[in-house]
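Throughout, a chain's letter reflects where its sequence line sits, starting with A, and its residues are numbered from 1.
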There are 2 protein chains.
Amino acid sequence: MFYFYSQYLTLYTQSHLATGHSTCHDKFKNSGRLGSLSNTDKQARHSFTDIEKKILPEGFSNIDEGKDTWSDAHANFLSSLSKVETHDLLKISRRMNLKSRDHLFRAGDRSNDVYIVAGGCIRLFQVSSTGKETILWFSFPGEIFGMSELWRGSDRQIHAVANEATQVYSVSHKDFTYFLGTHPEAAMKAIGILSARVRALGHALVGLASDNVETRIARLLVRFATISSGTRCCADSTEGELCVNVRLTHQDIANLIGASRQTVTTTLAHLRKQGAVRAVNQHIHIVQPEHLRHLLKKGAA
Amino acid sequence: MFYFYSQYLTLYTQSHLATGHSTCHDKFKNSGRLGSLSNTDKQARHSFTDIEKKILPEGFSNIDEGKDTWSDAHANFLSSLSKVETHDLLKISRRMNLKSRDHLFRAGDRSNDVYIVAGGCIRLFQVSSTGKETILWFSFPGEIFGMSELWRGSDRQIHAVANEATQVYSVSHKDFTYFLGTHPEAAMKAIGILSARVRALGHALVGLASDNVETRIARLLVRFATISSGTRCCADSTEGELCVNVRLTHQDIANLIGASRQTVTTTLAHLRKQGAVRAVNQHIHIVQPEHLRHLLKKGAA
DNA sequence: TGACTATTGTCGTCTGGGCGACAAATATGC
DNA sequence: GCATATTTGTCGCCCAGACGACAATAGTCA
């Protein structure tokens, strides 16, 4: 299902992940897309300065600039930091490699480090007593997570699992707090990130309370398409088409929007029949963005 | 740990609003509610030191101490600040008095001040195109709100309306940003507040996606009872009973948990028949907290 | 390449709860 | 103290969507 290869994944894949033969894309793909990636292996090892160079200048949107509520909710913490801040932060961080489905932490864990995604994708979710999983958030490269549990001094409330092979930087609670205290600008940016998350969760809440499944799916697709915009999908894509460049199973979507898997399958099939979306290489393309936006207009959030 | 509505409201009512004879419950009574407010004009003007004296020494819980996810979500920003911070913050604030149902801001407004509730209660909500209202948050005395929209540089997304006669301090975006920048400790506390809100919204989301209406109502009641604990309800209350010391119509509850008003009425009647709750003076008492907690255990969030 | 697991696609069946429509009970403004 | 507005309480109808049950693919790994 999809690859979330947006700019991020490509970026990171090239500089950090690439093991020379296997990239995240390989997991999903059998043919072309990955061909280009394999070349990257040569320059696999990196230094922090590498990272700075790679991440900062790519022109990611500043947290202030986002016009879309959803996309700025996925504001890139790392890229919003200055060179010095990035350096100081990475200095106190520890890099970790996770295989797909590795748990970073579980509900009930004592750990309360903060994490920043280097490459890949982390799924943040809760599990109910009946086993139902509700995904609260996907964290993509550059994003920070775990922050909102820092000041609780209590157990983790949620689970964090690598959705694919993922690399994260972990920073201890203590160090991170110290970092924020000594870098007021960064603290302000952290506030911005949390603010964005509050808004996004608020939106999700309103949508869940007011909209039907079709609208919620439409919103999700548009949102993820926005997040992964800027990547030209390697597959053939018609003009005006948006690519939802993230690997999502129907079950994932269901857990994300609070619906059952079957309903998601059916609704997606329906949208496909209408010609609003189509499946391309395990991921979704929005053929008629307007069709979905029209749905959203009728919706609430 | 938390009491708020109680201590705070009482506190403020007495010092600013009040009249010395009117406590929070009076609001709920037919006669007292507004009557008391008119009296306040006499001593309406206050000094900052008044506020400091009144607010700070009461030993409100620090945002770090909360054990309950819900209640610390209503962490008291103002009381967590130091004397100096409070002083500096109030210095740049402007006090506003709102009548019940006054709009503080609406979706689409350009204003992006930050507000701190002095007394009363602010309802933060969104309205869908069909007119359905979804309440995201109630802000009680000491709480700060509007913060999460500061860094957007865009229109307000939500509405803020006084749920009853309410007093707030407003601080301009610019001043507040400057305040945080010059008071790193306060900035950290702001991060703590936002974190709590992220957690609370996450909970709400999971609950909405997984639990039925009865469980959601139970959770809401327990949560609000916790917020308002510490107040001995003026009405007769049996030992072990919890008082939900907030004025909520069934419609409010419905908007809060994403259900229809009728269902709320029915479910509440059901809980009453079971002897789990009872109505006292326009508000609800939880007669059997265990009954509700049992429901929550079966639930998800 | 074959065995296994994960994902997708489709049915019926069944129900929680939305919604319109009232009537009764309260609250609030004048 | 009345007139109006708001809130509560109850029905019955109806449907979006949950859920169980399979079958068909597609993907993974030894």
Rounded to the Å, how far apart are [X] [atom1] and [N] [atom2]?
| X | N | atom1 | atom2 | answer |
| --- | --- | --- | --- | --- |
| B:Ile253 | D:dT8 | CD1 | P | 8 Å |
| B:Leu208 | C:dG16 | CG | P | 17 Å |
| A:Glu164 | D:dG27 | CD | C1' | 16 Å |
| B:Lys273 | D:dG9 | NZ | P | 10 Å |
| A:Asn255 | D:dA18 | CG | P | 11 Å |
| B:Lys132 | C:dG17 | NZ | C1' | 11 Å |
| A:Gln251 | D:dA26 | CD | P | 20 Å |
| A:Asp252 | C:dA6 | CG | P | 14 Å |

Nearest to the side chain of [X] - [options]?
| X | options | value |
| --- | --- | --- |
| B:Thr263 | C:dT10, C:dT7, C:dG18 | C:dG18 |
| B:His250 | C:dT10, C:dC19, D:dT8 | D:dT8 |
| A:Ala259 | D:dT6, D:dA18, C:dT10 | D:dA18 |
| B:Thr249 | D:dT7, C:dT10, D:dG9 | D:dT7 |
| B:Arg272 | C:dT10, D:dG9, C:dT7 | D:dG9 |
| A:Asn212 | D:dA16, C:dT10, D:dT10 | D:dA16 |

[atom2] on [Y] to [atom1] on [X], rounded to 0.5 Å:
| X | Y | atom1 | atom2 | result |
| --- | --- | --- | --- | --- |
| B:His285 | B:Leu242 | NE2 | CG | 9.0 Å |
| A:Leu220 | A:Thr215 | CG | OG1 | 12.5 Å |
| A:Leu136 | A:Gln126 | CG | CD | 6.0 Å |

Tell me what A:Arg216 touches on the nucleic acid: a base, only sugar-phosphate, or nothing, going by heavy atoms under 4.0 Å.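 Answer is nothing: A:Arg216 stays at 4.0 Å or more from every strand.
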Which residue, B:Gln262 or A:Glu214, contacts DNA chain D at a nucleotide closer to its 5' end, judged by nearest heavy atom?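 Checking each residue's closest nucleotide, the 5'-ward one belongs to B:Gln262.
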On the side chain of A:Arg261, is there an atom forming a donor-acceptor pair with the base of C:dG9 - under 3.5 Å, no angle test?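 Result: at least one qualifying N/O pair found.
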Report, one line per pair, each donor and acceptor closer than 3.5 Å where one atom sits in a side chain of residues 256-263 of chain B; sequence neighbours left out.
{"from": "B:Ser260", "atom 1": "OG", "to": "B:Thr263", "atom 2": "N", "distance (Å)": "3.3"}
{"from": "B:Ser260", "atom 1": "OG", "to": "B:Thr263", "atom 2": "OG1", "distance (Å)": "2.8"}

Should the pair B:His159 and B:Phe125 be assigned to parallel (<30°), tilted (30 to 60°) or perpendicular (>60°) ring geometry?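 Aromatic pair B:His159/B:Phe125 classed parallel.
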